[in-house]
There are 2 protein chains.
Amino acid sequence: MTKKFVYLFSEGNGQMRELLGGKGANLAEMTNLGLPVPQGFTVSTEACTKYYEDGRKISSEIEEQIFEALAKIEKLYGKKFGDETDPLLVSVRSGSRASMPGMMDTILNLGLNDKAVEGLARKTGNPRFAYDSYRRFIQMFSDVVMEQSKKVYEEILDEIKAKKGCKSDTDLTADDLKEIVELFKSNYLKNQGVEFPQDPKVQLLEATKAVFRSWDNPRANTYRRMNDIPYDWGTAVNIQIMVFGNKGETSGTGVAFTRDPSTGEKGLFGEYLMNAQGEDVVAGIRTPNHIQMLKDQNADLYNQFVAIADKLENHYRDMQDMEFTIEEGKLFMLQTRNGKRTARAALKIAVDLVKEGMIDEKKAIMMIDPKQLDALLHPMFEPKALKSAKPLSKGLPASPGAACGQIVFTAERAVEIKEQDKKAKLVLVRLETSPEDIEGMTVCEGVLTARGGMTSHAAVVARGMGTCCVSGCKQITSVDEDNKVLVIAGKTLKEGDWMSLDGSTGNIYDQAIATEPASLTGDFKTVMDWADKYRALKVRTNADNAKDAAQAIKFGAEGIGLTRTEHMFFDAERIMAVREMIVSKTIEQRKVALAKIMPMQKSDFKGIYEAMGSRPVTIRFLDPPLHEFVPHTDEEIKELAKAMGIDDRELKLTIDSLHEFNPMMGHRGCRLSITYPEIAEMQTAAVIEAAIEVNREKGIDIIPEIMIPLVGDVKEFKFVKEIVVKTANAIIEREGVNLKYLVGTMIEVPRAALTADQIASEAEFFSFGTNDLTQMTMGFSRDDAGKFLSEYYEKKIFESDPFARIDECGVGQLVKIACEKGKAQRESIKLGICGEHGGDPATIDFCHRVGLNYVSCSPYRVPIARLAAAQANIRNPRG
Amino acid sequence: MTKKFVYLFSEGNGQMRELLGGKGANLAEMTNLGLPVPQGFTVSTEACTKYYEDGRKISSEIEEQIFEALAKIEKLYGKKFGDETDPLLVSVRSGSRASMPGMMDTILNLGLNDKAVEGLARKTGNPRFAYDSYRRFIQMFSDVVMEQSKKVYEEILDEIKAKKGCKSDTDLTADDLKEIVELFKSNYLKNQGVEFPQDPKVQLLEATKAVFRSWDNPRANTYRRMNDIPYDWGTAVNIQIMVFGNKGETSGTGVAFTRDPSTGEKGLFGEYLMNAQGEDVVAGIRTPNHIQMLKDQNADLYNQFVAIADKLENHYRDMQDMEFTIEEGKLFMLQTRNGKRTARAALKIAVDLVKEGMIDEKKAIMMIDPKQLDALLHPMFEPKALKSAKPLSKGLPASPGAACGQIVFTAERAVEIKEQDKKAKLVLVRLETSPEDIEGMTVCEGVLTARGGMTSHAAVVARGMGTCCVSGCKQITSVDEDNKVLVIAGKTLKEGDWMSLDGSTGNIYDQAIATEPASLTGDFKTVMDWADKYRALKVRTNADNAKDAAQAIKFGAEGIGLTRTEHMFFDAERIMAVREMIVSKTIEQRKVALAKIMPMQKSDFKGIYEAMGSRPVTIRFLDPPLHEFVPHTDEEIKELAKAMGIDDRELKLTIDSLHEFNPMMGHRGCRLSITYPEIAEMQTAAVIEAAIEVNREKGIDIIPEIMIPLVGDVKEFKFVKEIVVKTANAIIEREGVNLKYLVGTMIEVPRAALTADQIASEAEFFSFGTNDLTQMTMGFSRDDAGKFLSEYYEKKIFESDPFARIDECGVGQLVKIACEKGKAQRESIKLGICGEHGGDPATIDFCHRVGLNYVSCSPYRVPIARLAAAQANIRNPRG
């Protein structure tokens, strides 16, 4: 028996999304519900896969099944494909498992040719309608199937309209349209070298292939990557008998939602247009009517539609997005699906549906896309204030949110102003930022850079901080920090001038626009509370300072999973001491420099402990290669040499000796503490003394978690742990206190995962550093992968960015191995993740499944992680 | 019951090496054989481990057991430790499981103090002997236990000798020695701040601790790392009653072998010295006698010794290295062990023992250390010619063998001369070498560089080629390639002058010294034939040209496991075309450049195929990042721009854009073929056309194995494989031939190992690239690890270089996973290794155990690999 590739709508149902795509499954479901659906059939997603396997060909068995199904539709409606008296016309639409609005193409009125158009004219007594349908078909077929630009056809249309003095398409007569059809056809011949195909079966097969092909077009590929839709799902093709909204003033077409997709407010929301076909509503040539106006125009029809909408929402228990057509006063449903909605609407709808008793809390949680919440987590412009503002220029939307402040040109100046006036609101404008700007960035509302893309230093750091950032504004022609002026879009702005940035659109305004902070209130809070109720994973945050820690707590963080101590080193006052430490020739010199850094680190840790209260705090020891801290320009080297009282040529040699061929795999992580145990000693002392002092001063009980980075062998861990324990215990004894602390490690080197049993014999917790683990497991560095990753996406080698979503198959395997071996060795071992993946919903689902205790992510991702963790536990409940 | 840490010799046996060390086990075994062994006891290796665990302390239970054993020895000999009339004296010697000659220390005459020495004098009636023993003891105790330099004692000795007018130590009288003892003791007090310890028990415990301590001294650590001896084995301590070779002219001491350790010739070989203690024989103060002279001096004793030697060789079935002492005409055996021997002797002894029926072939194979063979695989100086030569200078022994040739200063010139005169013998002298010198290096007998160490480019490449190399000669003060002169050790040499290099010692001669080639004949051939009979692993070679391939076949290679196509790109004629290909802006430009390279690659492959006959040849596609090929100096860039007819500033930008942060993890390997499929097309065409042509011209059947590097995902492999198959099949069809070929991959990215089942569904063979796999699994790059690896050795974090010997625990785990998954998916999959580990015996043993089909190594390691593979199969026979 041959495989079934083609299903009549009456043969399917709503559960068959994988095979029939969302549209096909819903058309079948609506048919089963007895709704007025023009009948037809679906060519399955498996046929699409086979099409690609067969080298982009439709096999003869699929072809046969298509025409068998077509014959049944002909019989059902008593019409014949290509018939000269009463031709069967069909639409051909794509429909994949996931909704991909507008990504792929649609062809209407298929089946028309020079003879059938005449038959249609006669049968309907409406030649204008027949020729209008034909010219639309030629146009769509050329565009979608033959990939010829629509522009020529639109030009011909405009020409004829001008000649005839018509304002609108509807003013054109049947004869005008006949003339247009002839012009379209001769244009087709000219462009394609063959006549417009007259055989409807050829038209149908070509259109089907075009839909399959469109699964692989660039915009579909991009959309899929952004939305984690696998390429191998394929698309189905829906072939449906045509109903016509363009049969005159009693016909029409429209789209409607059962609730407002912007606000979530309950009630029909939508638009329609009489005497029009599908694309006219969207095209914006005529202004469509609000759906409520249909009530006045045709109350029966309106009521029928309302009843159907209610029935569908009740049936699917979610807000529906419906397409309908009215043919000569008769209503037809062409599509229904769960409607896309804004984050705010998603929350309201979910909460309302629970209140209405339509769904339970778990279902409500599953309805919301965690990624959407991002839009609600940053300050926003007050809608009224924004309305009257006009952007001066635009850059890349590098980090979302809105910012309003006075311009400042250096990080130092920002810190200086902020120290004088704590209420000052600042926007930092730079050519580009560097690690030394970090402190300045934390005190500003937003950051604007002239150079750099979405992954520039400014963008990455700002996103981590949740600070608004617009990067790579090409209209900035000069940033003169000495004279404190910039020129943007031809306008000169100076320090102190007001500026507003929209990090979600990239818009730049040369004026103050009031903002309002994000808050987890109302529906948002309700949903978050539900999420907390259902999740098994704890959610921690990555925070390097007290400010970030405080923000994360507001968003519901339950601890810190990663404090990067090196970020504290770039502060202007400190960097000199850090550099002194690095270029030290002897242990004694190094200890002197470390002694200068120690009180600063201690005070940072105290700030973080105080912000976190008794929540757990994981502090990672120094990780990056030392050369990241040293100066590289001759001038800076001279300055440092002078400050250290050494020869600048000698200093240059020392700095040169720090050069590495592959810094990512160089002298960093625990390797630093092994070669310079003094560093680990100093950091331990800072962690432990801070905990003791905060306990004495504020009565907060801290159990610090010290994390050793980049361990690959248990002996490395043991070596550093011994330093930590010796130093910590000496302080605890000296201070006569009873302080507990944990010592654990990052699992970020493949060998650590493979030997996790050995490491767990010494380590009290593991935290997966999936950034490095991904780099080493896949063998490419994040900084260099840009050179080929775009080709990898294009060539379908990768479907998603392995640095954003964990590679479950490879990297995930190592995580799994490490969890299993770690637990087998030490049942009580605490397992977490602190790479950037920790805030990605798909990765969180994976973390839940492999049995981690917590995920840790940047403060602004905490609510997303809480929701994603709840969804993970609803999908796969932990025992 | 407490653990037993101390064993009398009469309680042990030869099988207890792990517990008693080699020396202790053999002393026990000799005791069991009824040989004249001074009795004593062994403190076990477990006591050593416990000593370190207890923080370098001897626990009270071990102390008790030592004194219990001592009491038994006292009873046995009827003497008392520290007795004033007849004191028991002992020697204290280290003895680990593996022989570590001279790495740790020995103390003789322990038990003497101010009173016992008088007792000894009285008892023996020989005060001279008693005080000589005492002064030796003080000297050794100070040196070994208190770590005070021997120099002061030697100075005192020399002073007294001068004062008394003595030439030799033996001229000193009892009174002289008494005076010396007093001087030694007061020197001890001055240096240590305490009197020389008079309590023999204190002496014994201190000496025992010193032996344990010496396990961790730098020279022991270095020796262990070089010989793969684990740190955790520990050393035992042997405490044995003293017998004295210094009791006058009827006493003596000596060492002897049952066969000549240099040649392997059967017959007693050794030296002895009358009236002397242990170290005198080695110290070279007096010239010892050949062992044969003992026959004349004391035939009975000689015969007794010969009988013992025969008995021991027959018992151990291996050449023995024995220490003996004659005390007043009585023979005592102090030690026996399997003797160290040269490679040549090792082969002869193994073959002779088989001929003599003492051992079978398997035992013979197991007796030879594969690493030793290296010494026999390179050209050597004719011994006579070398005798009359005097080195001019010395550098680092970077690649073994001997070379003699005329000086040349550039690789190009070397090639030029060689083209004119194929018989020319050349030595290339450079400041340092770079990849562009490779072709020139292959035509030279040897390479000398002024800069660079043992891991410099010249050293690494030369070792790979088996070419003699001396690197980093600091006495070279100038290398002027323009004027073709160099200044070395103050002497000026010019092009054409003769020079000889010894790559095993680093010696440099300014004269011609005749060399003789290595050959696998005689005993060497016999052993290799046996090895082939018993091994299961195939042995292939890594060869990038026909010359290396031919050499490898002479050494028994059964195929090529790795041809690095990029090495062919550096040739002066080719590099321009390669660079043109790299900086191409369009596919068309790139194809033009590739078309220039194609015939060159094809001709290389033909040469290799012809050399290999019908043996399998694996060719790896282009692997390194492209920027390795481009020029970086402004001058070279201008030259290239001119040749390509483009703007040099634009070219510079293109070159800059190739820069990578972590080139090891950058745009290389299969990533190149994915972004530039034209490269894979060209390389496929070259591989396939060469095979077809060689078949037509020479009738050789070639089945090329095409290897795709750096695959991490099956989709990468599939993408490149499709290009290969398409290109290859088109050529095969066009040429109307029936050529088979395989397409497989390197497993060198951790993810590839983890997903080997998926990859095996497409790949026909795996070859483990353990260099890269080690880098990525451990997370450090080979180029940068030097910054911390030495500290890792010192701190016992690593015991061996993971780039020389495979890290079985981590990297090996991935190899194992990949083998299992690969075979589960494709039973017939061919598995090999082609990293530098492929020539390391320990790694070969691992490869055998995990079930690889072959190892591949540089030509000069092929015989080593053949032997190691046989040993692996004898240890763990394959079913």
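Just so it is clear: chains get the letters A, B, ... in the order the sequence lines come, proteins before strands, and each one is counted from 1.
Residue A:R671 holds its CZ atom at 9.0 Å from CG of B:L789, rounded to the nearest 0.5 Å. With values rounded to the nearest 0.5 angstrom, A:M664 atom CE is found 13.0 Å from B:F780 atom CZ.
By the 6.0 Å contact criterion, NZ on A:K787 is enclosed, its count of non-hydrogen atoms from other residues, nucleotides or ligands being greater than 12.
Of the two parts of B:P677, only the side chain, counted from C-beta on, holds a non-hydrogen atom closer than 4.5 Å to a non-hydrogen atom of chain A. Of the atoms belonging to A:I817, it is side-chain heavy atoms, and not backbone ones, that fall under 4.5 Å from chain B. Interface remark: B:S657 contributes backbone atoms only to the contact with chain A (heavy atom separation under 4.5 Å). In this structure, chain B has a heavy atom under 4.5 Å from the side chain of A:D713, while its backbone stays farther away.
You'll find the side chain of A:I674 reaches within 4.5 Å of the side chain of B:K795, heavy atoms only. Side-chain contact between B:D807 and A:R751 is present, with heavy atoms from C-beta onward closer than 4.5 Å.
Annotation for A:T675 and B:F788: closest pair CG2-CB, 3.8 Å, computed over non-hydrogen atoms. For the pair B:N662 and A:D784, the tightest heavy-atom approach, listed with the atom from each and the gap, is N-OD2, 2.8 Å. Across every non-hydrogen atom of A:C670 and B:Y792, the tightest pair is SG-OH, 4.3 Å.
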Full working for side chain to side chain contact (heavy atoms under 4.5 Å, CB included) between A:V811 and B:L754
CA-CA 9 Å; A:V811 179; B:L754 293 163; over 6 Å; no

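Taking A:K57 as the reference, nothing meets the salt bridge (charged side-chain N to carboxylate O under 4.0 Å, His left out) condition, with sequence neighbours excluded. Applying the side-chain hydrogen bond (donor to acceptor under 3.5 Å, both in side chains) rule to B:Q758 yields no partners; only residues at least two apart in sequence or on another chain are considered. Residues forming a side chain to side chain contact (heavy atoms under 4.5 Å, CB included) with A:D656 (at least two apart in sequence, or on another chain): A:K652.
Comparing B:K796, B:E794, B:Q775, B:M778 by heavy-atom pairs within less than 4.5 Å of chain A, the highest count is held by B:M778. Heavy-atom pairs under 4.5 Å with chain B peak, among A:G779, A:G810, A:C809, at A:G779. Of the listed residues (B:L710, B:V714, B:L814), the one with the most heavy-atom contacts under 4.5 Å to chain A is B:L814.
Contact annotation for residues 715-726 of chain A against chain B (heavy-atom separation below 4.5 Å, listed by residue number): A:K715, A:E716, A:F719.
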